[in-house]
Trainee: 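What follows is a single structure, and I will ask about it in a moment.
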2 protein chains.
Amino acid sequence: MSDVFTALANPTRRELLRLLLERGEQPVQQLADHFDMRRPSLSEHLKVLRDAGLVVEHPVGRQRLYSLRPEPLREVADWLGPYERFWRARLADLRDVLDGLPDE
Amino acid sequence: MSDVFTALANPTRRELLRLLLERGEQPVQQLADHFDMRRPSLSEHLKVLRDAGLVVEHPVGRQRLYSLRPEPLREVADWLGPYERFWRARLADLRDVLDGLPDE
DNA sequence: ACAATACGTAGGAGATTTCCTACCAGTCAA
DNA sequence: TTGACTGGTAGGAAATCTCCTACGTATTGT
C-alpha cells in the first residue's frame with residue numbers, strides 16, 4: 001500500500017499512468033517523448049511503477065511494451081471506502097443544514 | 001494532488017487518519033500514545049497531513065484537537081474515476097472469457 | 001560482422017524525508 | 001507567580017528520492 005501511494009506521489013509517474021490509460025500499451029521511447037527528462041530517469045520511474053504493480057512490461061523485439069495494471073488502484077479505492085462513507089455523511093449533514101435555513 | 005499522495009504514502013500518517021476516522025477529534029498526546037515514536041515526530045507527521053488538507057486543528061485550552069478533513073480523499077476518489085472505468089472493463093472482459101469457456 | 005537502436009543499470013550530486021534530542025511558548029492549577 | 005503540562009520548532013544524522021552522464025546488453029538491419 002505504501003508502495004502504491006509513493007508511486008502515485010510523483011507527477012511524472014501519474015502522467016505515465018495517464019498516458020498508458022489513454023493510449024494503451026507503449027514502448028519506453030514513445031513514453032519518454034512526452035517528458036522533458038532523460039530516458040534513464042523515465043526508466044527509473046517505470047521501475048517504481050513496476051515495483052508497485054501499477055504497470056507490467058513485456059519485450060517485443062528490442063522494445064519493451066508497458067501497459068497499465070489497475071489492480072493496485074482498485075485497492076486504493078477499497079482503502080478509501082470508510083472515508084467515503086465519512087464524507088458522504090458530512091455532505092448529508094450539510095444538506096440538512098441548508099434545508100433548515102430560512103428563505104431558501 | 002502530489003501533497004495528498006505524499007501524505008498517504010507513510011503508514012504512520014495513514015494510521016493517524018484511521019484513528020481520527022474511528023474516534024473523531026483528538027488531542028496530539030492521545031494520538032501519540034498509539035505510536036512507538038516521540039511526540040515531535042508525530043507533530044511533523046500532523047504538519048504534513050495539515051499541509052495536504054487532510055486534517056484540521058483547533059486549540060482548546062492547552063490542547064490542540066485534530067480532526068479529519070476528507071475533501072482531499074474525495075479528490076483522490078475522483079482521480080481514480082477513469083482508472084476505475086478501465087478495471088471494470090477488464091473485469092467485464094474476463095467474465096466474457098469465462099462465459100465462453102467450455103464445460104462451465 | 002558491424003553499426004545503430006532500445007532500454008536498463010551504475011554511480012554520483014543535491015534535495016527531501018524521517019527520525020531523534022533539546023528547547024521554546026502558551027495554558028492551567030496551586 | 002511558580003511549576004507542570006501540551007505541543008510546536010530548531011538542528012542534525014541517516015536514509016531515500018530524483019535527476020543526471022556514462023556505460024553495458026540485447027536486438028535489428030545492412
Side-chain angles (χ1 to χ4, degrees), chain A residues 1-20 23-69 72 76 79, chain B residues 1-20 23-69 72 76 79:
Chain A
M1 201 81 236
S2 285
D3 287 351
V4 177
F5 282 123
T6 298
L8 297 178
N10 182 286
T12 298
R13 290 194 291 263
R14 288 199 304 279
E15 179 71 4
L16 281 167
L17 294 180
R18 195 188 63 80
L19 289 173
L20 292 175
R23 309 175 176 174
E25 198 172 56
Q26 279 177 91
V28 176
Q29 189 58 56
Q30 195 169 331
L31 291 167
D33 287 343
H34 284 265
F35 295 91
D36 182 21
M37 185 182 294
R38 303 292 173 184
R39 193 192 37 73
S41 304
L42 254 292
S43 271
E44 286 164 8
H45 283 303
L46 287 168
K47 177 173 171 48
V48 174
L49 291 171
R50 251 187 290 126
D51 290 348
L54 285 161
V55 301
V56 288
E57 150 263 350
H58 71 275
V60 170
R62 56 186 144 180
Q63 303 192 125
R64 301 202 186 179
L65 298 185
Y66 278 82
S67 51
L68 190 61
R69 185 175 170 276
V76 170
W79 180 87
Chain B
M1 200 83 240
S2 286
D3 287 351
V4 176
F5 281 123
T6 297
L8 297 179
N10 182 286
T12 298
R13 289 193 290 263
R14 288 199 304 279
E15 179 71 4
L16 281 168
L17 294 179
R18 195 188 64 78
L19 289 173
L20 292 175
R23 309 174 175 175
E25 199 171 56
Q26 278 176 91
V28 175
Q29 189 58 58
Q30 194 169 330
L31 291 166
D33 287 345
H34 284 264
F35 295 91
D36 183 20
M37 183 180 296
R38 303 293 173 184
R39 193 190 37 71
S41 304
L42 254 291
S43 271
E44 285 162 9
H45 283 303
L46 286 168
K47 176 173 170 50
V48 174
L49 291 171
R50 252 186 290 126
D51 290 348
L54 285 160
V55 300
V56 288
E57 150 262 350
H58 71 275
V60 170
R62 56 186 143 181
Q63 303 191 124
R64 301 201 187 180
L65 298 185
Y66 278 82
S67 52
L68 191 61
R69 185 175 170 276
V76 170
W79 180 86

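Chain naming here is simple, since letters A, B, ... match the order of the sequence lines and numbering starts at 1 in each.
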Trainee: How close or far is atom P of D/dG7 from atom CD of B/Gln26, stated in whole angstroms?
Mentor: 11 Å
Trainee: Using the 3.5 Å cut-off, write out each protein N or O paired with an N or O of nucleotides 28-30 of chain D and the distance between them.
Mentor:
none

Trainee: Measuring from B/Leu16:CG to B/Leu42:CG, what's the distance to the nearest 0.5 Å?
Mentor: 5.5 Å
Trainee: Please enumerate all residues that pass side chain to side chain contact (heavy atoms under 4.5 Å, CB included) together with A/Arg23, with sequence neighbours excluded.
Mentor: A/Leu19, A/Gln26, A/His34
Trainee: At under 4.0 Å between heavy atoms, how does the protein contact nucleotides 19-24 of chain D? Give one character per nucleotide, 5' to 3', with B, S or -.
Mentor: BBBB--
Trainee: Give me the atom names and distance for the closest heavy-atom approach of B/Arg69 to B/Pro72.
Mentor: O-CD, 3.2 Å
Trainee: Output the rounded distance in Å from CZ (B/Phe35) to C1' (D/dG7).
Mentor: 16 Å
Trainee: Give, for atom CD of B/Glu15 and atom CZ of B/Phe35, the distance between the pair rounded to the nearest 0.5 Å.
Mentor: 5.0 Å
Trainee: Going from CG on B/Leu20 to CG on B/Leu31, what distance comes out if it is rounded to the nearest 0.5 angstrom?
Mentor: 5.5 Å
Trainee: Does any pair with a residue in residues 43-60 of chain A pass salt bridge (charged side-chain N to carboxylate O under 4.0 Å, His left out), and if so which ones, sequence neighbours excluded?
Mentor: A/Lys47-A/Asp51, A/Glu57-A/Arg64
Trainee: Without decimals, in angstroms, what is the distance between B/Gln29 CD and D/dC5 P?
Mentor: 11 Å
Trainee: What is the first contacted nucleotide of DNA chain C and what is the last, in 5' to 3' order, if contact means an atom lying under 4.0 angstrom from a heavy atom of chain A?
Mentor: C/dA4 to C/dG11
Trainee: Quick check for you: to the nearest 0.5 Å, what is the distance between A/His58 atom NE2 and A/Glu25 atom CD?
Mentor: 4.5 Å
Trainee: With the side chain counted from C-beta on, respond yes when B/Val55 and B/Leu17 share a heavy-atom pair under 4.5 Å apart, and no when they do not.
Mentor: yes
Trainee: What is the distance, to the nearest angstrom, from the CD atom on B/Gln30 to the C1' atom on D/dC5?
Mentor: 15 Å
Trainee: Are B/Tyr66 and D/dG8 close enough that a side-chain N or O sits under 4.0 Å from OP1 or OP2?
Mentor: yes
Trainee: Donor-acceptor pairs are to be reported for all side-chain atoms of residues 4-14 of chain A against protein atoms at under 3.5 Å, with residues two or more places apart or in another chain.
Mentor:
unit_1: A/Thr6; atom_1: OG1; unit_2: A/Ser2; atom_2: O; d: 2.8
unit_1: A/Asn10; atom_1: OD1; unit_2: A/Thr12; atom_2: N; d: 2.8
unit_1: A/Asn10; atom_1: OD1; unit_2: A/Arg13; atom_2: N; d: 3.2
unit_1: A/Arg13; atom_1: NE; unit_2: A/Ala7; atom_2: O; d: 2.9
unit_1: A/Arg13; atom_1: NH1; unit_2: A/His45; atom_2: ND1; d: 3.1
unit_1: A/Arg13; atom_1: NH2; unit_2: A/Thr6; atom_2: O; d: 3.0
unit_1: A/Arg14; atom_1: NH1; unit_2: A/Leu8; atom_2: O; d: 2.7
unit_1: A/Arg14; atom_1: NH1; unit_2: B/Ser2; atom_2: OG; d: 3.2
unit_1: A/Arg14; atom_1: NH2; unit_2: B/Ser2; atom_2: OG; d: 3.0

Trainee: Rounded to whole angstroms, how far apart are CZ on B/Arg50 and P on D/dG7?
Mentor: 12 Å
